[in-house]
Amino acid sequence: MVKIENLVKEYSGRRVIDIKNLNVNDGEILAVAGANGSGKTTLLRITSGLMKADSGFVEAQGKILFMPQQSYAFRGSLKDNLLIGLNGKDKKGEVEEILESMELKHLSDKKAVSLSGGELQRLALCRLLIRPCSLLLLDEPTSSCDARGTELVVDAVKKYVEKHGCTVIMATHSPIVAAKCADRMIILNDGGIEADGEPGEVMNDPSSEWAKSFIKDWRT
Ligand SMILES: Nc1ncnc2c1ncn2[C@@H]1O[C@H](COP(=O)(O)OP(=O)(O)OP(=O)(O)O)[C@@H](O)[C@H]1O
Ligand SMILES: [Mg+2]
């Protein structure tokens with residue numbers, strides 16, 4: 001379980017995270033929505049341990065994997081990118097399988113730096129999903145994806161959770177990702193939790209006027 005309590009982060013006196021309490025259960029997929037600048041990336045970075053909060057705490061056990069908002073590739077082919085850090089174990093079969101599942105197999109031997117934005121984002125996700133973890137943090141994993149790419153990412157994340165039983169927290173602007181992938185959704189507003197519930201309920205019956213207007217804009 002991930003436990004977050006009294007978490008505060010400020011930049012130059014402006015509060016960008018202010019979360020009294022947030023618990024995410026083992027095996028739960030939590031979508032974090034909210035306008036630009038509402039604190040989604042900051043929350044994920046603090047949870048990952050990359051950034052320190054000013055006060056409060058995040059408790060998360062086990063191995064954490066974090067996919068940043070900006071995807072990147074290492075030099076070399078797609079296969080090389082996936083074999084990095086796998087301790088020389090024979091993982092070639094798994095590499096091919098995961099590239100195939102993300103419809104990137106035909107590009108396996110191409111230079112990863114030559115990929116399109118959507119292809120690069122799927123490769124970045126493959127680089128995480130080839131390893132087990134207990135907490136997967138994804139920052140807008142479908143922001144560069146088309147409809148098909150989004151479907152592939154949603155399927156891959158769900159399969160990964162079934163296989164490893166890990167917890168997922170993902171920032172997203174996509175109602176499709178929230179509805180098809182997440183068990184639960186929160187909406188951040190100025191760093192605080194504005195709505196929290198089952199994605200369909202939050203989207204159809206938001207608990208605040210602010211969330212209602214946000215979701216209305218989100219759907220257009
Ligand atoms: N290093 C920093 N210094 C000052 N302000 C920062 C810094 N990092 C983030 N912020 C501010 O904190 C707020 C939250 O930023 P954050 O990146 O968490 O938003 P977000 O919800 O991920 O937005 P987006 O949807 O655009 O990705 C923003 O107003 C941002 O300008
Ligand atoms: Mg962000």
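In listed order, ligands and their atoms are each counted from 1.
Counting heavy atoms of neighbouring residues, nucleotides and ligands inside a 6.0 Å radius, atom CD of E96 exceeds 12 of them. Within a 6.0 Å radius of CG in L50, other residues, nucleotides and ligands contribute more than 12 heavy atoms.
The single protein non-hydrogen atom nearest to atom 1 (N) of ligand 1 is Y11 CE2, 3.7 Å, given as residue, atom name and distance. Residue, atom and distance of the protein heavy atom nearest to atom 16 (P) of ligand 1 are T42 OG1, 3.6 Å. Closest to atom 31 (O) of ligand 1 among all protein heavy atoms lies R14 NH2, 3.8 Å. The single protein non-hydrogen atom nearest to atom 23 (O) of ligand 1 is G37 N, 2.8 Å, given as residue, atom name and distance. What sits closest to atom 17 (O) of ligand 1 on the protein, heavy atoms only, is T41 CB, 3.5 Å. For atom 26 (O) of ligand 1, the closest non-hydrogen atom on the protein side is N36 ND2, 3.0 Å. In terms of protein heavy-atom proximity, atom 25 (O) of ligand 1 is closest to K40 NZ, 2.7 Å. The nearest heavy-atom contact from the protein to atom 27 (O) of ligand 1 is Q69 NE2, 2.8 Å.
Ring geometry, F74 versus Y72: the interplanar angle exceeds 60°, so the pair is classed perpendicular (tilted spans 30 to 60°).
Side-chain atoms of S143 and Q121 form a donor-acceptor pair, as typed in the model, at a separation below 3.5 Å. Side-chain contact, D109 with S77: no donor N or O sits under 3.5 Å from an acceptor N or O. No side-chain donor from either of T167 and E28 sits under 3.5 Å from a side-chain acceptor of the other.
Using a 4.0 Å cut-off between heavy atoms, A35 contacts ligand 1 through its backbone alone, with no side-chain atom that close. The side chain of V16, and not its backbone, has at least one atom closer than 4.0 Å to an atom of ligand 1 (non-hydrogen atoms only; side chain from C-beta on).
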### Task
Under the salt bridge (Lys or Arg N to Asp or Glu O under 4.0 Å) rule, what do E94 and K91 come out as? Steps first, then yes or no, please.
CA-CA 5 Å; E94 277 180 56; K91 291 269 187 179; 3.6 Å; yes
### Message
Does D18 form a salt bridge (Lys or Arg N to Asp or Glu O under 4.0 Å) with R15? I'd like the steps, not just the answer.
### Response
CA-CA 7 Å; D18 188 0; R15 204 162 270 211; 3.6 Å; yes
### Task
Walk me through it: do E103 and R122 pass the test salt bridge (Lys or Arg N to Asp or Glu O under 4.0 Å)?
CA-CA 9 Å; E103 296 186 357; R122 281 182 279 141; 5.3 Å; no
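Applying the 4.0 Å criterion to heavy atoms of S38 picks out, from ligand 1, the atoms 19 (O), 21 (O).
Contact between G39 and ligand 1 is present, with at least one heavy atom of the residue lying under 4.0 Å from the ligand. Residue contact check for ligand 1: E140 places a non-hydrogen atom closer than 4.0 Å to it.
Note on T42: not counted as a metal contact of the Mg ion (ligand 2), no N/O/S atom lying under 2.8 Å. Using a cut-off of 2.8 Å, one finds that Q69 contributes an N/O/S atom close to the Mg ion (ligand 2).
Using a cut-off of 4.0 Å between Lys/Arg side-chain N and Asp/Glu carboxylate O, E151 and K180 are scored as not salt-bridged.
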